[in-house]
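In what follows, chains are A, B, ... by sequence order, proteins preceding strands, each numbered from 1.
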Amino acid sequence: MSLDIEVENAVLATVSEFGQPEKVAKRLISWLKDMSERDLNSGENNDHFEVLKNSIDLGAAGGN
Amino acid sequence: MEIKLLGWESQGLRCPDLKIDIGTLEHVPKITLIQMPNGTGKTTTLNLIRAALTGEASNWSDDKILQLRHKDDTSTSSGKFILRLMVDNQPLTFDLSFDFINPSVTYRTSSPSMGGVEIGYSPQASVKRFLRPKFTSLFVFDGEYATHLLNENESRAEEAIDSLCQLDLLDQIQTAAEVAWNRETKNKGAKTPQGLSAYKNKEQQIIEKISLVNKRKKEAEVNLKSIKDEIESINNNIGDKIKQSEKYRDELEKLKLKEKDCEIELERQVNAAMSYLRHPELLHKQFLNGLTALKENLDKAKLPDVTSKQFFIELAEEALCVCGRPIGHDEKEHILFQTSQYLGNDVSGLINAMKQDIDVAINSTDDQKLFSTSLENLRKASNDFYDIETELELLERNALEDTGADVTNLHEKLTALNTKRNSLEQALDLINAPPRADDNESVISLPSLDKQLKNVRELIAEITETVELRDKIDVINRMAGKIKSFARSEIKQALINECNTNLEKILAANPVTISKIDRSIHLSGQKEASVGQTLAVGYTFLTAALSRGTNKFPLIVDSPAGPLDDNVRKEIGEMVPMLCEQFIAFTISTEREHFLPALEKSAGDNIKYLTIYRKNVGTTHLTDELPKNGVNNSENAVIVEGRDYFTKFTIVKEMEE
């Protein structure tokens, strides 16, 4: 199932509001799209989480 | 993904025994109208369709299962319901078998992608996500659901949006983050900023202590050097003064030579005594008696000779045993297996060597006297050295006095300096001592403190990583929550706009507007709505929500037009088919007016018409009016396909449910 456009827009807006880099939004959208198209196992979810976690900038505004 | 309903079959259940074919893999009509008078089993059929889709019948109570038994024949022991679907042009079938003796429902699932039939409810994962009960209730729809959408005390509207727009995926992101947290911190201690702060304080304390101890060490080393220099200086001074004394100079030189000789002799006697100490049998008779007893016991136990492993290894190679019996393959295997119980060559050798040494020791009794003599010599050498030292000290004292030096003062100074030196050396020993397992925080050993610092820094690194992980997870969780509420808000507004546009057309005569959607749908200026308004709002909301995204679901509705007045029926009839790929409606005859023409206007001839009634006393008269073609009979029901019969069908007296 493709991701609702409003969800995608919400991701972009929220990531920007949190002052996080663009790649955070890309990785979130990628994860959401993957989940919307099929059931992910725990390993696949963890892979997405690790990639997303590594892109989080704790020094960014809204990050803490 | 596209899901379509192809048909179903029921047998031995409360609803009539029948087989409904709606479509095939090649063609599915846009609209299927199934006309069933009241009491024919519409509600039961819809419930069974839902149960087949969701798998929920596995959890039904015994009572609920038994309620589905054939109502005219309660002795029926079993029943069946088969639902046929098409998912992305592939067939998917759910087969429910009912056992009414031991109430239970068994599923079988079949599809080509699964390779055939599987016992149990097991659609493929990509389909299963859309067959959850909350999701299914959105497209297997009855008028009651519309009421729930407008009920302030329920959250069906918001749940529908979350399900259809997959906002629950954001919950899954939060869950995955917490799973990662729990995994990373499972066996760790402090995980919080407070724990980290405590360890950082400890680190700082250790650093400060190391700095202080290093400072003390440097001071001690400088002092020690100074003291040693001073001692050396005093000794040199003493030596120089003594050399000045002509009276005692020669004698002192002789005594120093003697001192050297005594020192050498003392060292020699110490070494000799030490060599005897390595022979305990020479130290005391009791040691010798003990060793003798040990050898006797070893001999008594015949150790090691008789039980030597080597003996058995060599025996296994012989053709005959020591008892004279032949040693075949099995016997050899057994002997070799048993050798593990006996002593190996290394242990055997050790025992033999030990017994030999004891033998030598026993036979060397004269050497005991030698040790006694050695000890005596050591004592003498020690006394001689002590005497020489005393004599030398006295002579040095006299020599110093002879030169006019203040001997007492010098000696006192030396004694004080030596005491200080010893104290500093002891302190430095403690500072340089290697780390021990029982060292605590009061220790002043630098190697131990370095080790403590290393340990606490490793802990800090581990906790820092953990605290950072928690911070990142918190950011992810907050973002996911914000995304969900932001997206939900935007979707709700979009749905409100679309629904109000449609409602304006549908309910032109009796307008209603959606003002907001929070957990439920709220109407402008009214808290309640008529049945017709409720149904219209429900249809517009669901079709608008279902049409978001690229997935296509059938819309299966019970009594779609019953409570609607003529104009609303017309509008709903024209609108609904445009908003879904497949519309299946269970109707009664009184719903045809205004609704059927609107449907036909919208869908053209892409409509299947089915009429179903039970065979009983009340419907016997209908048999004469059956058409020649398109009629299927089961034991307890009649199914007629065709528009003509559909539009003319009526039952004079409606059956009670």
Q | Residues forming a salt bridge (charged side-chain N to carboxylate O under 4.0 Å, His left out) with B:Asp518, sequence neighbours excluded | A | B:Lys516

Q: May I ask you to list the residues in residues 479-486 of chain B that approach chain A closer than 4.5 angstrom, counting heavy atoms only, ordered by number?
A: B:Met479, B:Lys482, B:Ile483, B:Phe486

Q) Is any side-chain heavy atom of B:Lys472 less than 4.5 Å from a side-chain heavy atom of A:Leu52? A) no

**Q.** Pairwise distance CD(B:Gln166) to CD(A:Glu37) - rounded to 0.5 angstrom
**A.** 9.5 Å

(Q) Does A:Asn9 form a side chain to side chain contact (heavy atoms under 4.5 Å, CB included) with B:Glu490? I'd like the steps, not just the answer. (A) CA-CA 9 Å; A:Asn9 290 343; B:Glu490 293 298 304; over 6 Å; no

Q: Identify the heavy atoms of A:Glu6 and B:Ala487 that sit nearest to each other, and give their distance.
A: O-CB, 3.8 Å

Q: Could you tell me which portion of B:Leu167 (side chain, backbone, both or neither) has an atom closer than 4.5 angstrom to a non-hydrogen atom of chain A?
A: side chain

Q) Rounded to the nearest 0.5 Å, what separation is found between the CG atom of B:Asp168 and the OG atom of A:Ser36? A) 11.0 Å

Q.
Given heavy-atom pairs under 4.5 angstrom as the criterion, report whether the side chain, backbone, both or neither of B:Leu169 touches chain A.
A. both

Q) Tell me, side chain or backbone of B:Glu468 under 4.5 Å from chain A's heavy atoms, or both, or neither? A) both

Q | Under 4.5 Å from a heavy atom of chain B, the part of A:Glu8 involved | A | neither

Q) CD1 of B:Ile473 to NZ of A:Lys53: how many Å apart, nearest 0.5 Å? A) 8.0 Å

Q: Tabulate, in ascending numerical order, the residues of residues 21-29 of chain A having at least one heavy atom closer than 4.5 Å to a heavy atom of chain B, or enter 'none'.
A: A:Val24, A:Leu28

**Q.** With sequence neighbours excluded, residues passing salt bridge (charged side-chain N to carboxylate O under 4.0 Å, His left out) with B:Glu203
**A.** B:Arg457

Q) Measuring from A:Phe49:CZ to B:Glu178:CD, what's the distance to the nearest 0.5 Å? A) 8.5 Å

Q: Apply the test side chain to side chain contact (heavy atoms under 4.5 Å, CB included) to residues B:Arg478 and A:Thr14: give CA-CA distance (whole Å), side-chain angles for both, the deciding distance (0.1 Å), then the verdict.
A: CA-CA 10 Å; B:Arg478 284 190 291 124; A:Thr14 303; over 6 Å; no

**Q.** Test side chain to side chain contact (heavy atoms under 4.5 Å, CB included) applied to A:Leu32 and B:Ile173, step by step
**A.** CA-CA 8 Å; A:Leu32 287 164; B:Ile173 286 180; 3.7 Å; yes

